[in-house]
J.: 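After the structure tokens below, expect a handful of questions from me.
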Amino acid sequence: MTFFQRVWQSTAKIPQGRVTTYGDIARSIGTRDARRVGHALHANRNNQVPCHRVVFGDGSLAPGYAFGGPRVQKNKLLSEGVSFKSDGKVDLSQFFFHLGDFEQSKDIPD
DNA sequence: TTCCTGACTTTAC
DNA sequence: AGTAAAGCCAGGA
């Protein structure tokens, strides 16, 4: 189980219609480095991980490295019921999903 | 192995 | 409110 795997597991736990931030994922797996979280998703952007449910701390989407374009990411979120504010950011006050505090490998299979 | 980089976040000016 | 710099730590060359 690599660090990336843990990131993907946490990301996969995000339900539809909800989003979370890189920083929250980072803390949920016991680190503070949000950049590695984003890096993990980047390394896996062609896989089945719902990276579109992961947004910046301010609710904005990835600038241009998204799995097919930020346009697609926004479209996916809208399809799941996530609404955007007038500034083009996700309303974290409604759709933010807290993964939990460092649950480590609780529900992560070996 | 060392050095550089990176889908980020937070504090300070 | 907007811009700049620091912090974090593993992957890739």
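Lettering follows sequence order; numbering is per chain, from 1. These numbers were taken from a predicted model, which means no experiment stands behind them. Heavy atoms only: backbone and side chains are in, while hydrogens, waters and symmetry mates are out.
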J.: Considering just the side-chain nitrogens and oxygens of A:H39, establish if one lies under 4.0 Å of OP1 or OP2 belonging to B:dG6.
T.: no
J.: If you round to the nearest 0.5 Å, how far is CZ of A:R27 from CG of A:L99?
T.: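 Rounded to the nearest 0.5 Å, the CG-CZ separation comes to 12.5 Å.
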J.: Check whether NZ of the Lys or CZ of the Arg A:R53 lies under 6.0 Å from the centre of the six-membered ring of A:F97 and within 45 degrees of that ring's axis.
T.: no
J.: Report the C-alpha separation of A:V7 and A:N44 in whole Å, then their side-chain angles, then the decisive distance to 0.1 Å, and conclude whether the side-chain contact (heavy atoms from CB on, under 4.5 Å) test is met.
T.: CA-CA 10 Å; A:V7 173; A:N44 199 66; over 6 Å; no
J.: Apply side-chain contact (heavy atoms from CB on, under 4.5 Å) to A:Q94 and list each qualifying residue two or more places apart in sequence or on a separate chain.
T.: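 Scan of A:Q94 (side-chain contact (heavy atoms from CB on, under 4.5 Å), adjacent residues dropped) gives A:D91.
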J.: For A:T21 and A:D24: C-alpha separation, side-chain torsions, deciding distance, then whether side-chain contact (heavy atoms from CB on, under 4.5 Å) applies.
T.: CA-CA 5 Å; A:T21 68; A:D24 193 70; 3.4 Å; yes
J.: Can you tell me how far P of C:dA10 sits from CH2 of A:W8, to the nearest Å?
T.: 15 Å
J.: Describe, in one word, how the ring planes of A:F4 and A:H39 are oriented to each other, choosing from parallel (under 30°), tilted (30 to 60°) and perpendicular (over 60°).
T.: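 Rings of A:F4 and A:H39: tilted, 30 to 60°.
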J.: Check whether any side-chain N or O of A:W8 sits under 3.5 Å from a backbone N or O of A:P50 as a donor-acceptor pair, and report yes or no.
T.: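 The answer is no, because no donor-acceptor pair under 3.5 Å joins these two groups.
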J.: Starting at the 5' end of DNA chain B, write a dot or bracket for each base, bracketing those in Watson-Crick or G-U wobble pairs whose two distances are under 3.5 Å and using | for partners on another strand.
T.: .|||||.||||||
J.: Nucleotides 1-4 of chain C: which of its N/O atoms have a protein N/O under 3.5 Å away?
T.:
none

J.: Between protein and nucleic acid, restricted to nucleotides 8-10 of chain B and to nitrogen or oxygen atoms under 3.5 Å apart, what atom pairs and distances do you find?
T.:
unit_1	atom_1	unit_2	atom_2	d
B:dC8	N4	A:R35	NH1	3.2
B:dT9	OP1	A:G57	N	2.7
B:dT9	OP2	A:G57	N	3.1

J.: Going by side-chain contact (heavy atoms from CB on, under 4.5 Å), name the residues that satisfy it together with A:R35, two or more places apart in sequence or in a different chain.
T.: A:D33
J.: Mapping A:A43 and A:T31 to their closest nucleotides on DNA chain C, which lands nearer the 5' end?
T.: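 This one resolves to A:T31.
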J.: Check whether A:F84 forms a cation-pi arrangement with A:K74 (NZ or CZ under 6.0 Å from the six-membered ring centre, at most 45° off the ring normal).
T.: yes
J.: The criterion is side chain to side chain donor-acceptor pair (under 3.5 Å); which residues satisfy it with A:K85, sequence neighbours excluded?
T.: none
